[in-house]
Novice: 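The following block contains the structure, expressed as C-alpha cells.
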Number of protein chains: 2
Amino acid sequence: MEKSTRYGQIQEDLKKKIQQGSYEVGDLLPSENELCAAYHVTRTTARKALQELQNEGYITRQHGKGSIVSERRNTLGLLTVRGFSETVGHEVRNVMISKPSIHDWSRDFSFSPSEKEVVSKCIHFSRLRCVGTTPVMLEESWLAADCVPSFMEQEFVDGSFFKTLSKRYMIEITGSEQEIRAVRADENVGILLHVAAKSPVLYIAVRYTTSLPGYYVYSKLYCNTDKYPIGNVYSSPK
Amino acid sequence: MEKSTRYGQIQEDLKKKIQQGSYEVGDLLPSENELCAAYHVTRTTARKALQELQNEGYITRQHGKGSIVSERRNTLGLLTVRGFSETVGHEVRNVMISKPSIHDWSRDFSFSPSEKEVVSKCIHFSRLRCVGTTPVMLEESWLAADCVPSFMEQEFVDGSFFKTLSKRYMIEITGSEQEIRAVRADENVGILLHVAAKSPVLYIAVRYTTSLPGYYVYSKLYCNTDKYPIGNVYSSPK
DNA sequence: AATCTTTACTTGTACATACAAGTTTCTATG
DNA sequence: CATAGAAACTTGTATGTACAAGTAAAGATT
C-alpha cells in the first residue's frame, strides 16, 4: 500500500485526512510551504502531491489562496481509474456472477484486442456490484491469460481485482479509455440490476491500460443510475 | 488563442501537429531533451507540456521509451472541460433552440446554486449540437447574470459559449463536476434528437467551475449515443 | 548463431532557487 | 472612519542540476 515516492506518501497522507474528516469541505489544506516544512521536501515535491489530489478531484486550487477541499458526492466515480470499492465510500458488496474462466475473445466490442492478445487465451468473469442491498452495476471483464498465471485457481486479494493484479502480478492500472452510451437493458441485465427489461441503463465500455505495454484489461459495465449516478470530476491543472 | 505560458505554446504546437497528422497514431513525439533544444526551455517546462497532452488524452507516456500518440476515436469527448466544438473534430453545427433570456433558477437540479447566485438573475439558453446533419446533443445552460453584462445583446464569439466567456468577460473554465445517468427521452427531447419518445438517452448534469471563485456555469445535456458515444480518456500522471 | 553485457538513449523523481501574480491583512494617510 | 497602499502571505511559471530506472540497440562472449 505504501507508495514508494515522497509525493505519493504525502498524497496518500492528505487523502486519508480528508476522508477521515480532519479537513472538512471548503477547508484549506496546509500551504505548499507548510507541507515542505512538515515533510522535509522541496516545493516541487509538495506541489506534485497536491496536483495529484486535484486530478483525483479531492481538492481545487486557487491562485493566491490555497488548496480547497472539494465536495464529495454520492456518485460512482469510476470515470477515473480508481476501482469501484475505493471510490464508493459506503458498504459495497460484490457478487461474483460467473467465476473467472477461459473464454474466446468476443467479437462485438468497442475496442479491438491487439494482435498479441488474440493469440493468447482469454479470461472472462462478471460481477454484480451492490451498494448496500441495491445492485447498481453489472461488470464483465476480459483479460489475456498469459500474463496472469494461475489467475483462476486463486481468490481475489481483498475481493478487489485491481489489487490482485497489483499484488500478485505487479501489474498496475495506468489509465483508461471509455465509451459511454445509454441503452435498453436486455432481459438478463434487467433481472440482475432489478430494473424492468428495456428500461434505460448506462453502458460503459472500458479499456484499461496497464504498466505492461500492449497489455489491456477490457470491461463492459451496465449501470442502474436511478439512485447512484456516475460521477466525474475534472480540474485542468493549469 | 496564443497561450501566454511557454509550456502552453509547446502544448498547442504539438497538439496542432498531431491533429494535422504530422505525427500518426503510435508515433513517438520528440523526446523531452529534443523539445528542450527546439524550444529553448528546460526539461521541467517541456515535461509540463507533455503532461498536459497526456491529461487531454493525446498521448501516453512510457518510462524509458517516450511519448506515444494515442488513438483518437469517433466520440464526443466532453467529459473533460474542452468545449464541444473543440473536441469533436469534424463538421459541427450548432442550432440555438432558445436564445439567452432572463429566467428563474429552476428547482430540480443535481447541483444547488450557491447563495451568491440565487440573489442574482439567471440567464438561460439551449442549443442543439449536430455532427453533420445528425443531432447528437441537446444542451441547456444556466449562469448568473451579474458577471456577464450585456450577455444577451451580443452574439457568441465564433459561435462558442466558452470562447465568449473567455474573450468578452475574462472568465475561464477551470474544471467540471458531472453526474451521468441513462434516462428515457421525453417528447420534446425525442423530437429534437430524432429518437423515439421513451428511448434511452444519456443525461449529464454538469457544473463547470470558473476562474471566478463561487461563480459556476450549469448545464444539462441530453445525448443520442447511437452513433457518437461519449468518450473519456484518463491517464494517471504517475 | 545465440546469449549476455555494455552503452546510450528515454522518462521519473527530487533537489534548490528565482521571480511573477493573485489574495488577504495590516497600516499609514487622508 | 474610511480608503489607499504596503507587506506578508498564497500559488504559478521557469531555470538548472542530479541521479534513478526503464528501453533498446550495439558489441562482446560463449
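Lettering follows sequence order; numbering is per chain, from 1.
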Novice: Identify, with sequence neighbours excluded, every residue that meets ring pair (Phe, Tyr, Trp, His ring centres under 6.0 Å) alongside A:Tyr39.
Specialist: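 Once residues adjacent in sequence are excluded, A:Tyr39 has no partner under the ring pair (Phe, Tyr, Trp, His ring centres under 6.0 Å) criterion.
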Novice: To the nearest angstrom, how far is B:Glu52 atom CD from D:dG12 atom P?
Specialist: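 About 12 Å, once rounded to whole Å.
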Novice: Quick check against the 3.5 Å criterion: does B:Glu34 have a side-chain atom that pairs as donor or acceptor with the backbone of B:Ser31?
Specialist: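 Yes, B:Glu34 side chain to B:Ser31 backbone: donor-acceptor pair under 3.5 Å.
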Novice: Can you name the residues that form a side-chain hydrogen bond (donor to acceptor under 3.5 Å, both in side chains) with B:Thr225, not counting sequence neighbours?
Specialist: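 Applying side-chain hydrogen bond (donor to acceptor under 3.5 Å, both in side chains) to B:Thr225 gives none.
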Novice: Does the ring center of B:Phe162 lie less than 6.0 Å from the ring center of B:Tyr208?
Specialist: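 Yes, ring centres under 6.0 Å apart.
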Novice: Can you list the residues that meet the side-chain hydrogen bond (donor to acceptor under 3.5 Å, both in side chains) rule with B:Thr210, with sequence neighbours excluded?
Specialist: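 Scan of B:Thr210 (side-chain hydrogen bond (donor to acceptor under 3.5 Å, both in side chains), adjacent residues dropped) gives none.
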Novice: Kindly say if A:Thr42 contacts the phosphate of C:dT17, meaning a side-chain N or O under 4.0 Å from OP1 or OP2.
Specialist: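 For A:Thr42, the contact criterion (side-chain N or O under 4.0 Å from OP1 or OP2 of C:dT17) is not met.
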Novice: Do B:Tyr58 and B:Tyr23 have ring centres separated by under 6.0 Å?
Specialist: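 They do not qualify: ring centres at least 6.0 Å apart.
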Novice: Take atom CD of A:Gln11 and atom P of C:dT13, then tell me their distance rounded to the nearest Å.
Specialist: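 Whole-Å distance recorded here is 11 Å.
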Novice: Report the distance from atom CD1 of A:Ile68 to atom C1' of C:dG22, rounded to the nearest whole Å.
Specialist: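 My rounded result for the distance is 13 Å.
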Novice: Could you tell me the separation between the CG atom of A:Leu50 and the P atom of D:dT11, rounded to a whole number of Å?
Specialist: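 Nearest whole value for this atom pair: 7 Å.
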Novice: Provide, to the nearest angstrom, the distance between the CD atom belonging to A:Gln54 and the C1' atom belonging to D:dT11.
Specialist: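 From A:Gln54 CD to D:dT11 C1': 11 Å.
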Novice: Can you tell me how far C1' of C:dT13 sits from CD of A:Gln51, to the nearest Å?
Specialist: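 Interatomic distance, CD of A:Gln51 to C1' of C:dT13: 14 Å.
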Novice: Using a 4.0 Å cut-off on heavy atoms, which residues in residues 29-40 of chain A reach DNA chain D? List them by number, or say none.
Specialist: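 Contacts with DNA chain D under 4.0 Å: A:Ser31, A:Glu32, A:Asn33.
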Novice: B:Thr44 has a side chain; which of D:dT15, C:dC15, D:dA14 sits nearest to it?
Specialist: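 For the B:Thr44 side chain, the nearest candidate turns out to be D:dT15.
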Novice: For C:dG12, take OP1 and OP2 only and decide whether either is under 4.0 Å from a side-chain N or O of B:Arg47.
Specialist: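 Answer yes for this pair, as a side-chain N or O of B:Arg47 is under 4.0 Å from OP1 or OP2.
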Novice: Quick check: does any side chain N or O of A:Tyr7 sit under 3.5 Å from a backbone N or O of A:Thr44, one acting as donor and the other as acceptor?
Specialist: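 The answer is no, because no donor-acceptor pair under 3.5 Å joins these two groups.
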Novice: Can you list everything that forms a side-chain hydrogen bond (donor to acceptor under 3.5 Å, both in side chains) with A:Thr164? Sequence neighbours excluded, please.
Specialist: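 Applying side-chain hydrogen bond (donor to acceptor under 3.5 Å, both in side chains) to A:Thr164 gives none.
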Novice: Any sub-3.5 Å donor-acceptor pair from B:Tyr169's side-chain atoms to B:Pro149's backbone N or O?
Specialist: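 Yes; judged by distance alone, with no hydrogens or angles, the pair exists.
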Novice: Kindly say if B:Tyr7 contacts the phosphate of D:dA14, meaning a side-chain N or O under 4.0 Å from OP1 or OP2.
Specialist: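 Indeed not, no polar side-chain atom of B:Tyr7 lies that close.
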Novice: N/O contacts under 3.5 Å, protein versus nucleotides 20-23 of chain D?
Specialist:
| from | atom 1 | to | atom 2 | distance (Å) |
| --- | --- | --- | --- | --- |
| D:dA21 | N3 | B:His63 | NE2 | 3.2 |
| D:dG22 | N2 | B:Gly64 | O | 3.0 |
| D:dT23 | O4' | B:Gly64 | O | 3.2 |

